[in-house]
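This report refers to the structure that appears directly beneath it.
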Amino acid sequence: MFEQEQQAIEEQIRAYCKQQDIPSTEELKWARIPFSGEWGIATSFFQTAANEARSGKKVVVPQRAQEIAEGVAEHLGTPQGFSRVEAVKGYLNLYFSTDEYARTVLDTVITQGVEYGNGLANGQSVMVEFSQPNTHKALHVGHLRNMMLGAAVANILECAGYEVVRSNYIGDFGRDVMKWIWNYEKRHDGEEPPEDTTRWMGDLYAEATQKLEEDEAGETEIQALFADWESKDSPTYKLWQKTRQWSLDGFNDVYTQMGIHFDRFYYESEMEESAKEIVEELISKGIVTDDRPDGPAVIKVDELLGLDKETYRVLAVLRSDGTSLYGAWDLALAQKKFIDYPLDRSVYVVDVRQSLHFQQVFKTLEAVGFEKIKDAFHLPYEVVNLPGNLTMSSRDGVIVLLEDFIREATQRAYDVSLETNPELDEVTRKGVANAVALGSIKYPLLARDNTKIATFDWETALDFNGHSAPYIQYAHVRANSILRRVDKALPDSSNPTYELEPAEIALIELISQIPDTVQRAADEYRTLHITNLAYDLAKAFNDFYNRCPVLKAEPEVQLTRLRLVAAARQSIANCLRILGIEAPEVM
RNA sequence: GCCCCCGUAGCUCAAUGGACAGAGCACCGGCCUUCUAAGCCGUAGGUUGUAGGUUCGAUUCCUGCCGGGGGCGCCA
């Protein structure tokens with residue numbers, strides 16, 4: 001937000017260094033002054049001093065850094081827009097003229113509104129593939145992490161200035177699906193799903209897994225179903241179509257509920273044909289080692305890349321019976337995405353356990369000359385476990401169902417609301433309960449680094465206190481509550497005519513960080529930066545709320561504070577929106 | 001055997017190579033005639049797994065070791 005100011009000062013620093021014959025060529029790194037209540041930008045001269053030391057000059061680095069900082073400070077004087085410049089411990093600290101900058105920040109937020117925080121369109125297009133649910137199975141809490149991460153990353157990229165294509169890749173085909181069909185035909189033929197469709201699909205899947213273990217002929221029968229499916233007018237194919245749709249309808253309900261949408265759906269069942277074409281081609285090029293029917297057709301990736309050490313291992317593409325495997329599908333899909341859209345980047349939000357798989361796919365495509373694959377990126381995330389390091393598994397049915405979790409959280413939020421705000425009408429309360437419940441479900445998954453395993457336990461999951469979505473939502477409600485009580489329109493922009501409180505400065509400072517944080521989150525594909533900022537904003541607002549009266553303030557003070565409250569409300573709402581979390585008006 | 005990830009307060013987690021390693025939970029003690037107490041303030045809690053290395057400076061980068069988790073030819 002302060003690029004112009006930084007640039008102007010950078011030029012002066014460079015000029016000074018040149019004049020003093022100090023070799024300062026590298027970029028200056030700017031940071032915020034890290035002490036509370038102080039507001040400004042800082043840079044240091046350790047690197048410069050170290051460079052001098054390396055070039056033969058006899059200097060003690062910290063001392064020399066301080067010397068340079070002092071020299072620069074003297075040279076700069078007090079630049080326009082700053083109130084004070086100091087050199088301390090090798091750092092150059094430039095303190096903003098509070099009034100001027102406070103006004104600039106508030107004006108920017110209020111003028112830009114929901115757009116505040118967004119970067120300029122950068123002309124780049126990126127696809128984010130996420131969710132990838134399997135039909136004929138239940139949705140559990142483990143799937144939620146992927147959904148939330150993917151949706152939030154897509155939002156972040158969009159805010160940062162990318163053109164974003166949100167895609168989903170539905171697992172509607174494969175052995176597990178056929179296993180479900182097999183079991184359905186044997187034990188549930190003709191049954192229609194109950195209202196709770198997705199749960200029922202999951203139950204039948206668990207049953208299929210169990211029954212198959214006890215059934216010697218099962219494997220052969222499933223193989224036969226695979227063969228039937230190939231013919232599009234077979235009963236197997238028709239049954240597959242019908243049951244698959246049950247799952248898809250259920251998924252769409254969940255997406256609607258979670259506020260997620262997709263621009264493009266891909267299906268594994270569509271990949272069969274093009275996958276086989278690719279494999280045929282690779283066989284003819286000698287890249288695929290075809291051991292059928294004695295074994296699978298595979299790509300020996302290390303060999304392909306000419307590596308001696310086992311690194312990328314072997315990617316299986318066809319079963320010995322000739323049916324294709326997901327390795328082949330991904331070879332097809334990775335290319336198809338770049339054909340369907342003019343992408344500058346292609347992001348896959350997929351469980352970390354598939355890291356090797358994606359390396360195999362990407363390396364293979366690179367080796368066969370598909371240049372664009374260099375722009376493909378696997379964004380891995382860790383799993384959600386149950387206490388005791390227990391991995392959720394659809395096969396064993398050891399899972400916390402998404403719908404159970406949502407129901408419990410909603411009930412809990414409703415109960416808390418009854419207690420804390422008894423006057424709410426029923427319709428509003430239900431809306432609040434829904435917003436709070438979904439927020440509290442989503443937030444912890446987004447506030448954790450992708451590489452960290454999450455552990456689900458009910459008590460923590462239903463805790464609405466502290467570092468949580470409801471805390472942030474509540475800050476938004478408080479801000480809204482103040483503004484609602486003011487009948488008149490927001491005052492016009494003006495410089496503050498009183499000395500701002502530290503709590504006010506801290507809040508404004510955080511607000512000003514949003515654009516940079518969005519960019520950083522986009523660069524690193526990390527939702528964590530947004531959740532951290534949203535929380536810090538809420539905390540700073542609560543502090544302000546307690547220390548600084550607004551409605552009872554002197555008219556001149558109130559002027560600025562009302563604009564600050566409006567900017568804070570907007571800022572919190574924008575952060576929550578990026579995260580896919582609702583910002584309620586009341587709670 | 002090869003590869004990847006994690007290790008920070010009692011617990012769960014933060015921390016662009018930078019100034020004093022910060023939050024929440026839990027514990028203890030305060031604050032509702034005052035813009036919604038789903039809130040605020042205070043106390044306490046640390047050899048950042050360990051041994052080295054790089055650096056002016058390491059929780060952050062590199063190497064070894066210890067502990068935990070995950071992946072590795074016909075599931076996805």
Side-chain angles (χ1 to χ4, degrees), chain A residues 29 31 33-35 42 44 46-47 49-50 53-54 59-65 88-91 93 132 134 171 174-176 179 268 289 291-292 295-300 309-321 323 325-327 329-330 350-357 359-360 380 382-383 385 389 391 395 413 416-417 419-421 423 436 444 447-455 459-460 463-468 470-471 473-475 477-479 481-486 520 524 528 531-532 535-536 539 542-543 545-553 565 586-587:
Chain A
K29 280 184 282 185
I33 300 172
F35 307 104
S44 67
F46 296 109
Q47 196 58 57
R54 238 169 262 139
V59 296
V60 181
V61 170
Q63 269 174 33
R64 178 62 184 150
V88 50
K89 291 180 184 172
Y91 288 87
N93 293 333
Q132 307 110 337
N134 295 320
R175 224 191 73 97
D176 286 346
K179 192 164 86 181
E268 288 182 350
T289 310
D291 291 338
R292 288 176 298 164
V298 301
I299 298 168
K300 294 178 178 166
K309 212 163 86 175
E310 273 188 2
T311 307
Y312 300 111
R313 316 282 304 194
V314 169
L315 177 65
V317 289
L318 298 180
R319 290 191 184 84
S320 47
D321 66 6
T323 52
L325 290 162
Y326 86 124
W329 306 342
D330 269 337
V350 182
D351 189 334
V352 68
R353 295 175 202 188
Q354 291 195 45
S355 291
L356 178 60
H357 167 75
Q359 285 184 334
Q360 292 172 330
E382 267 292 355
V383 292
N385 281 348
N389 235 349
T391 303
R395 282 161 208 253
V416 173
S417 170
E419 218 171 283
T420 56
N421 197 352
E423 285 114 53
V436 168
R448 173 181 300 264
D449 228 329
N450 302 336
T451 52
K452 290 252 168 64
I453 295 169
T455 303
E459 200 185 322
T460 312
D463 187 358
F464 297 159
N465 298 313
H467 195 168
S468 66
Y471 176 90
Q473 291 171 316
Y474 186 63
V477 164
R478 280 178 146 183
S481 181
I482 292 173
L483 296 170
R484 196 183 19 174
R485 283 163 193 277
V486 181
R520 196 176 152 212
E524 300 175 13
L528 178 65
T531 56
N532 283 352
Y535 175 72
D536 289 343
K539 195 170 170 57
N542 276 328
D543 189 40
Y545 183 91
N546 275 288
R547 290 174 194 277
C548 308
V550 178
L551 300 179
K552 291 188 174 159
V565 172
V586 293
M587 272 172 77

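Proteins come first, then strands; the chains are lettered A, B, ... in the order of their sequence lines, and each starts at number 1. Quick note: numbers below take in every heavy atom, side chains included, and nothing from hydrogens, waters or symmetry partners. All values derive from a computational prediction rather than experimental measurement.
Between A:Y535 and A:Y471, the angle of the ring planes lies from 30° to 60°, which puts this pair in the tilted group.
Closest to the A:N546 side chain, of the nucleotides B:C35, B:A15, B:G39, is B:G39. The listed nucleotides are B:A19, B:A38, B:C6; the one nearest the side chain of A:S417 is B:A38. For A:R478, the side-chain atoms get nearest to B:A37 when compared with the rest of B:A37, B:A19, B:A14. Nearest nucleotide to the A:R54 side chain, out of B:U12, B:A37, B:C56: B:C56. Side-chain proximity of A:V61 to B:A14, B:C56, B:C35: nearest is B:C56.
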Sequence-aligned protein contact record of nucleotides 69-76 of chain B, with B where the base is within under 4.0 Å of a protein heavy atom and S where only the sugar-phosphate is: SSSBBBBB
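Taking syn as a glycosidic angle within 90° of 0, B:G73 qualifies as syn. Taking syn as a glycosidic angle within 90° of 0, B:C65 does not qualify and is anti.
Counting to the nearest Å, the P atom of B:C4 and the CD atom of A:Q359 are 9 Å from each other. Nucleotide B:U16 holds its P atom 19 Å from the CD atom of A:Q47, rounded to whole Å. Per the geometry, CG belonging to A:N542 stands 11 Å off P belonging to B:G24, to the nearest Å. A:Y545 has its OH atom 11 Å from the P atom of B:U34, to the nearest Å. Atom CG of A:D543 and atom C1' of B:G24 are 17 Å apart (whole Å). Here B:C20 presents its C1' atom at 16 Å from CD1 of A:I33, a figure rounded to the nearest Å. The nearest whole Å value for the distance from the CG atom in A:D463 to the P atom in B:A38 is 14 Å. As a whole-Å value, the separation of A:K452 NZ from B:C6 P is 8 Å.
Among the heavy atoms of the strands, none lies under 4.0 Å from A:D536. A:A31 comes within 4.0 angstrom of a nucleotide base, judged by non-hydrogen atoms across all strands. In this structure, A:Y535 reaches the sugar-phosphate backbone alone: every heavy-atom distance under 4.0 Å involves primed, P, OP1 or OP2 atoms, never a base. Looking at heavy-atom distances under 4.0 Å, A:A50 makes contact with a base. The residue A:S355 sits apart from the nucleic acid: no heavy atom pair falls under 4.0 Å. Heavy atoms of A:A42 sit under 4.0 angstrom from at least one base atom. Here A:N93 lies in heavy-atom contact (under 4.0 Å) with a base. A:R64 comes within 4.0 angstrom of no nucleic acid atom, judged by non-hydrogen atoms across all strands. As judged by a 4.0 angstrom heavy-atom cut-off over every strand, A:V60 is placed among residues making no nucleic acid contact. Here A:V565 lies out of heavy-atom contact (under 4.0 Å) with every strand. Among the protein residues, A:S481 comes within range of the nucleic acid bases, having at least one heavy atom under 4.0 Å from a base atom.
In this entry B:C40 has B:G30 as its Watson-Crick or G-U wobble partner, both defining distances falling under 3.5 Å. Figure legend. B:U60 is base-paired to no nucleotide; pairs are counted as Watson-Crick or G-U wobble with both atom distances under 3.5 Å. The nucleotide B:A9 finds no pairing partner, because no Watson-Crick or G-U wobble arrangement with both distances shorter than 3.5 Å includes it. Using N1 to N3 plus N6-O4 or O6-N4 for Watson-Crick, or N1-O2 and O6-N3 for G-U wobble, each under 3.5 Å, B:C65 pairs with B:G49. Pair assignment for B:C35: none, as no Watson-Crick or G-U wobble contacts are both less than 3.5 Å. When Watson-Crick and G-U wobble pairs are counted only if both distances are under 3.5 Å, B:C20 pairs with no nucleotide at all.
Note: A:Q360 CD to A:Y312 OH = 10.0 Å, rounded to the nearest 0.5 Å.
Remark: side-chain polar atoms of A:T323 are not paired, donor with acceptor, to backbone N or O of A:R319 under 3.5 angstrom. Checking side-chain atoms of A:T311 against main-chain N and O of A:K309 turns up a donor-acceptor pair under 3.5 Å. A distance-only check finds a donor-acceptor pair linking the side chain of A:R448 to the backbone of A:I453 [under 3.5 Å]. For the pair A:S468 (side chain) and A:F464 (backbone), a donor-acceptor distance under 3.5 Å is present.
Across the P atoms, B:A9 and B:G49 are found 8 Å apart, a figure rounded to whole Å. Nucleotides B:G64 and B:C3 are separated by 9 Å at their P atoms, to the nearest Å. With both ends at atom P, the span from B:C62 to B:G18 equals 15 Å, rounded to whole Å. For the C1' atoms, the distance linking B:U59 with B:U48 amounts to 5 Å, nearest Å. Across B:C11 and B:G53, the matching P atoms stand 30 Å from one another, rounded to whole Å. Taking atom C1' on both nucleotides, B:G30 is separated from B:G67 by 42 Å, rounded to a whole Å. A gap of 32 Å separates the C1' atoms of B:G42 and B:U60, to the nearest Å. B:G10 and B:C27 are spaced 10 Å apart, taking the C1' atom of each and rounding to whole Å.
By the criterion of a centre-to-centre distance under 5.5 Å and near-parallel planes under 30°, the ring of A:Y91 forms no stack with the base of B:G18. For B:G39, the base is not stacked against the aromatic ring of A:Y471, per a cut-off of 5.5 Å between centres and 30° between planes.
The base of B:A26 has none of its N or O atoms less than 3.5 Å from a complementary donor or acceptor on the side chain of A:N465.
Contact annotation: A:K539 does not reach the phosphate of B:A23 (side-chain N/O to OP1 or OP2, under 4.0 Å). Residue A:R484 places no side-chain N or O under 4.0 Å from the OP1 or OP2 atom of B:C35.
Mapping A:E419 and A:F46 onto RNA chain B via the closest heavy atom, the residue that lands nearer the 5' end is A:F46. Both A:A413 and A:V88 lie near RNA chain B, and the one whose nearest nucleotide falls closer to the 5' end is A:V88.
Here the closest heavy-atom approach between residue A:A316 and residue A:V298 is recorded as CA-CG1, 3.9 Å.
A salt bridge does not link A:K539 to A:D543: none of the charged nitrogens lies less than 4.0 Å from a carboxylate oxygen.
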